[in-house]
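The structure appears below as structure tokens.
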Amino acid sequence: MLPNADCHDCRTRARAAFAGLAIGDALGAPVEFMTVGEIRAEYGQLRDLVGGGWLRLKPGQVTDDTEMSLCIARALDKSGGWSLEGIAENFAVWLRSRPIDVGDTCRRGIRAYMLKGTLETPPNEWDGGNGAAMRVLPVALLTLGDDMLLQRYAVAQAHLTHNQPVSDAACITLGRLVHLAVAGGSKHQLRREVDSLCERFATFRFDPYRGLATGYVVDTLQTVFHYFFRSRNFEECVVETVNQGGDADTTGAIAGMLAGAYYGMEAIPKRWVKKMDRRVMEEVQTLAERLVALSPLCRRDPSARHLCP
Ligand code: MN
Ligand code: MN
């Protein structure tokens, strides 16, 4: 976290991060599970919120990546801080509502909570899917200014459904990247954070990029890192990421989250914002601001407090 991070700028970037997550999800979902070649044959390059795909989505419709993030954000907002039970309860309500899609590992963890009240799934080497990493944003916003808190909460929310060291590391690193980008950090600083992840877990190395964009959290993050670090703006980052296909809604969501935080609200194309469900866009931005206001960063800095909602 940068010492001179200004609270107003943080709030705007936090809003852009959550809006970017939803937009990246909606952009990528129609090409989820497609290959690069299949996408090229059907769309040339996919640059718009077209809907369709295997889920038969409306243009601009979001999926589980955004919905699970909203479950977490609403729980933290409602309790005015950390509440693992609140998150689990919202996941349960969401699963009962028959969501448009839900990952197998997520479903298993949520069902264990519903049946037995389990708040931590046992360690499992197969829990390396991206389902915990894709929803870490609200926890990153709540913990702005406190890395220890981020580490604890990022892993606790993950362990509701995924308990695996590589998934844990991915959640913490994405949270730290959000912390840096929301505070106005440079790409060089973000790259150093990713390099430190790659030193601890060499499997995340993404240069040269292997071109795999599956739901395995390592492939997902390699794809996001590859396109984020070479991008020059929000649109380029998210478009190139989803056109890699595979788990395109999730790579799109994570890329949109980072690019939103880094490039800011003005960088998000208006034609995309217009196509999104207005209620979703309003809710993600309101919750982003409220989570930042609850964070140590905003609470600690009395001169900035009046800027917070
Ligand atoms: Mn999804
Ligand atoms: Mn997905």
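Note that ligands are numbered from 1 as they come in the structure, with each ligand's atoms numbered from 1 the same way. Everything quoted here is computed from the prediction, not taken from an experiment.
Within 6.0 Å of CG in D104 there are 12 or fewer heavy atoms belonging to other residues, nucleotides or ligands.
Nearest to the Mn ion (ligand 2), among the N, O or S atoms that E32 has, is OE2. Closest to the Mn ion (ligand 2) among the N, O or S atoms of D247 is OD1. Sorting the N, O or S atoms of D65 by how far they are from the Mn ion (ligand 1) puts OD1 first.
Metal site remark for the Mn ion (ligand 1): T66 contributes no N, O or S atom at a distance under 2.8 Å. With 2.8 Å as the limit, D64 counts as an N, O or S neighbour of the Mn ion (ligand 1).
A salt bridge links R210 with D219: the closest approach of a Lys/Arg side-chain nitrogen to an acidic carboxylate oxygen falls below 4.0 angstrom.
The main-chain N or O of C71 is never found under 3.5 Å from a side-chain atom of R135 such that the two would form a donor-acceptor pair. Looking only at distances, no side-chain donor or acceptor of H162 sits under 3.5 Å from a matching main-chain atom of G128.
Proximity of the aromatic rings of F204 and F225 is defined here by a centroid distance below 6.0 angstrom, and this criterion is not met.
Taking the Mn ion (ligand 2) as the corner point, the angle from T250 atom OG1 to D249 atom OD1 is about 90° (rounded to 10 degrees).
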